[in-house]
Undergrad: 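After the structure tokens below, expect a handful of questions from me.
Every heavy atom of this structure was used, including side-chain atoms; hydrogens, water molecules and symmetry mates were not. All ligand and atom numbering here is 1-based and tracks the order in the structure.
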Amino acid sequence: MPSIRNVLSKDMAGKKTLIRGWVYRTRSSGGIVFAVIRDVTGIMQVTVKKGAVPQEDFDSALKAGIESSVIVEGDVAEDKRAPGGYELRATSFKVVGYAEAFPITEYQSTELLLDLRHLWIRSREQTAVSRVKAALLRGAREWFHDNGYVEVTPPIVTGVAPEDSTTLFQIKYFDRIAYLSQSAQFYLESLIFSLEKVYSVTPSFRAEKSRTPRHLAEYWHMEMEAAWVENEANMEVQEQLLTAMLHNAVAECSDELKLLKRDPARFKKIEPPFDRMDYSEAVEFLQKKGHQMSWGLDLGAVEERALTIDRELPVFIINYPKELKPFYMKENPADPRTYKNSDLLAPEGYGEIIGGSERETDNARMIAWLEEKGESLDNYKWYLDLRKYGSVPHSGFGMGIERVVTWVCGLEHIRDAIPYPRTVARVYP
Ligand code: 4AD
Ligand code: MG
């Protein structure tokens, strides 16, 4: 069965073909039904003329409302007014499953669309987003594979909190308490002592109470960790990986990007190296722009927006003050108030998509930090062991897949970068 995109793109005019899909819109006038059919690749107009199909098929076409599933046979004919420039003149129109009156019409509230998410994900925009996301992930996996990384499968149920312990989801785990993973990082770190270069793609969970357009409670996290890699090389991996992902999205999904009103050329142009801006420089830049900013304050959505709004390429902000970041990062010998770390910010105001760092190898420093924060050392014993048996310089990072999708697809809200967004307010459907 040819896809709609194939029927429209090949020179099929005058040829007989079969398409199958769902009714996207339909109207009838006199003895003709004009039905637009969609499949995963696009939409195509079908005309069903009384007399040109068996009467039973014509009656079916009249009855088949939006979202009915159909198989249509007919002749491809040029028609300038039809989407894609061609239509299919039906000789047979079979309904596989009739649709009841579809509850989603043109202007719907965000809440209703979230309640009806299981139906709304059929929209052309959501379909395009899903395909772009898959192309980004495929580009990443290919890049990792080509560069000698091993994909690994860390646990999701865990006893450690690599990131902010206030955003942990607790679960009842038999007769104990456990947490849903915020990051696979510690497990990836343990795997580099044999596999050297590893990555994983897993869900990560953050009990973020704040409702923002860039936070999900459950998101897909692509993380990498590699032995013998210092902070600068870690950033080189990030810029190469991201470039490969973007270029693959352009190669596989330029139609989808256009449908989302994103110019594929914008992403094709993106190549390493990306600028590196010291946190201190970022503070100065923001002060000059009139932001209430001083050294030691975190960069939030507003500041990240100001730093990236006029950029075409992502930018690394490096060497953050220690107070702003977790204990596992390596102290920066050039300025021990800071870490050897980087956040990668997407351009056009989108902000942080990756957080990464070189890792601390000095157990004494990490223990002092954990004790100061009142953390139980028992929970971290295994992690601290990693520095005792053949420790090496190493680095890694985590990329928020939905953050990347939000930017690439030009979305206003991160919830549209995932089929079933999990937020403070919502676990249904
Ligand atoms: O910056 P984060 O917290 O870093 C880590 O978790 C490291 N342990 C990763 C590592 O080095 N292996 O999270 C990494 C990325 C962020 O840059 C952001 O893109 C994304 O994960 N992220 C979220 N995405 C959606 N919703 C949330 N609530 C997110 N929190 C983080
Ligand atoms: Mg971060």
Undergrad: To which protein heavy atom is atom 19 (O) of ligand 1 closest, and what is the distance rounded to 0.1 Å?
TA: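 Answer for atom 19 (O) of ligand 1: I353 O, 2.9 Å.
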Undergrad: Among all protein heavy atoms, pick out the one at the shortest distance from atom 7 (C) of ligand 1; state its residue, atom name and that distance to 0.1 Å.
TA: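 Going by distance alone, atom 7 (C) of ligand 1 is nearest to E163 OE2, 3.2 Å.
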Undergrad: Mind checking whether W369 and F327 have parallel, tilted or perpendicular rings, split at 30° and 60°?
TA: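 Rings of W369 and F327: parallel, as their planes differ by under 30°.
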Undergrad: Distance to 0.1 Å, residue and atom name: give those for the protein heavy atom nearest to atom 11 (O) of ligand 1.
TA: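 The closest heavy atom on the protein side is R359 NH2, 2.8 Å.
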Undergrad: Among the heavy atoms of E225, does any lie under 4.0 Å from an atom of ligand 1?
TA: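 E225 does not count as a contact of ligand 1 under the 4.0 Å cut-off.
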Undergrad: Among protein heavy atoms, which sits nearest to atom 13 (O) of ligand 1, and what does the distance come to when rounded to 0.1 Å?
TA: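 Scanning the protein heavy atoms, the shortest distance from atom 13 (O) of ligand 1 goes to R206 NH2, 3.6 Å.
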Undergrad: Can you report which non-hydrogen protein atom sits closest to atom 15 (C) of ligand 1, along with the distance?
TA: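 Residue, atom and distance for the closest contact: G398 O, 3.5 Å.
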Undergrad: What protein heavy atom lies closest to atom 18 (C) of ligand 1? Include the residue and the distance to one decimal.
TA: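 The protein heavy atom lying closest is R403 NH1, 3.6 Å.
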Undergrad: Which of the atoms in ligand 1, numbered in the order shown and given with their element, are less than 4.0 Å from a heavy-atom of R214?
TA: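 In order of numbering, the contacting atoms are 25 (C), 26 (N).
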Undergrad: Could you see which bit of H221 sits under 4.0 Å from ligand 1, with heavy atoms only: side chain, backbone, both or neither?
TA: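 The answer is the side chain of H221.
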Undergrad: Looking at E87 and A82, what are the two nearest heavy atoms and their distance?
TA: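 Distance-wise, the nearest heavy atoms are CB-CB, 4.3 Å.
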Undergrad: Between ligand 1 and V404, can you find any atom pair, the residue atom being a heavy atom, that is separated by under 4.0 Å?
TA: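 It does not, in that no heavy atom of V404 comes within the 4.0 Å cut-off of ligand 1.
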Undergrad: Between K340 and E331, is there a salt bridge with N-O shorter than 4.0 Å?
TA: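 Looking at K340 together with E331, the answer is no, because their closest N to O distance does not fall below 4.0 Å.
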Undergrad: Just to be sure I'm reading this right: ignoring hydrogens, which of I414, L345, L216 gets closest to atom 28 (N) of ligand 1? Compare them by their nearest heavy atoms.
TA: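 When every heavy atom of I414, L345, L216 is considered, L216 comes closest to atom 28 (N) of ligand 1.
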Undergrad: Thinking salt bridges, do E256 and R5 make one under a 4.0 Å N-O criterion?
TA: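 Looking at R5 together with E256, the answer is yes, because their closest N to O distance falls below 4.0 Å.
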Undergrad: Only one of S183, S204, S200 clears side chain to side chain donor-acceptor pair (under 3.5 Å) with H221; which?
TA: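 Among S183, S204, S200, the one that satisfies the side chain to side chain donor-acceptor pair (under 3.5 Å) with H221 is S204.
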Undergrad: Identify the residue among T212, T406, V405, T423 that makes a side-chain contact (heavy atoms from CB on, under 4.5 Å) with I414.
TA: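 The option that passes is T406.
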Undergrad: How close does the nearest protein non-hydrogen atom get to atom 1 (O) of ligand 1, and which residue and atom is it?
TA: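 Nearest protein contact, heavy atoms only, for atom 1 (O) of ligand 1 is E352 OE2, 3.1 Å.
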Undergrad: H215 to ligand 1: N or O pair under 3.5 Å?
TA: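 There is no such contact.
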Undergrad: So does E352 have any N/O/S atom less than 2.8 Å away from the Mg ion (ligand 2)?
TA: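 Checking the Mg ion (ligand 2) against E352, an N, O or S atom does fall under 2.8 Å.
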Undergrad: Below 4.0 Å from any atom of ligand 1, is there a heavy atom belonging to E402?
TA: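 No, E402 has no heavy atoms under 4.0 Å from ligand 1.
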Undergrad: Any Lys/Arg nitrogen of E232 or R276 sitting under 4.0 Å from an Asp/Glu carboxylate oxygen of the other?
TA: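 A salt bridge is present here (some side-chain N lies under 4.0 Å from a carboxylate O).
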Undergrad: Do any N/O atoms on G356 end up under 3.5 angstrom from N/O atoms on ligand 1?
TA: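 No, since none of the N or O atoms of G356 sits under 3.5 Å from an N or O of ligand 1.
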Undergrad: So F186 and Y328, would you call those rings parallel, tilted or perpendicular, with 30° and 60° as cut-offs?
TA: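 It falls in the perpendicular class, over 60°.
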Undergrad: Go through ligand 1 atom by atom and flag the ones less than 4.0 Å from a non-hydrogen atom of I354.
TA: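 Contacts of ligand 1 toward I354, numbered from 1: 17 (O).
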Undergrad: What protein heavy atom sits nearest atom 25 (C) of ligand 1, and how far off is it?
TA: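 Sorting protein heavy atoms by distance from atom 25 (C) of ligand 1 puts Y219 CG, 3.5 Å first.
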Undergrad: What atoms in ligand 1 come closer than 4.0 Å to a heavy atom of E208?
TA: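 So the atoms of ligand 1 that pass are 28 (N).
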Undergrad: Indicate yes or no: does K325 engage D298 in a salt bridge with an N to O separation below 4.0 Å.
TA: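 Salt bridge absent between K325 and D298.
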Undergrad: Charged N to carboxylate O under 4.0 angstrom, E218 versus R206?
TA: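 Between R206 and E218 there is no salt bridge, as every charged N stays at least 4.0 Å from the carboxylate O atoms.
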Undergrad: Any nitrogen or oxygen of M399, side chain or backbone, less than 3.5 Å from one on ligand 1?
TA: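 By distance alone, the answer is no.
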Undergrad: Assess R422 for proximity to ligand 1: is some non-hydrogen atom of it under 4.0 Å away?
TA: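 Flag not set, R422 not near ligand 1.
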Undergrad: Is the shortest distance from a Lys or Arg side-chain nitrogen in E348 or R262 to a carboxylate oxygen in the other one below 4.0 Å?
TA: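 Yes, charged N to carboxylate O under 4.0 Å.
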Undergrad: Does any N or O atom in Q182 lie less than 3.5 angstrom from one in ligand 1, N or O only?
TA: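 In this structure, Q182 places no N or O atom under 3.5 Å from an N or O of ligand 1.
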Undergrad: Using the side-chain contact (heavy atoms from CB on, under 4.5 Å) definition, which of the options R305, E303, E352 pairs with L345?
TA: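 So, applying the side-chain contact (heavy atoms from CB on, under 4.5 Å) to L345 and each of R305, E303, E352, only E352 qualifies.
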Undergrad: Any Lys/Arg nitrogen of R214 or E304 sitting under 4.0 Å from an Asp/Glu carboxylate oxygen of the other?
TA: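 The answer is yes: the pair qualifies as a salt bridge.
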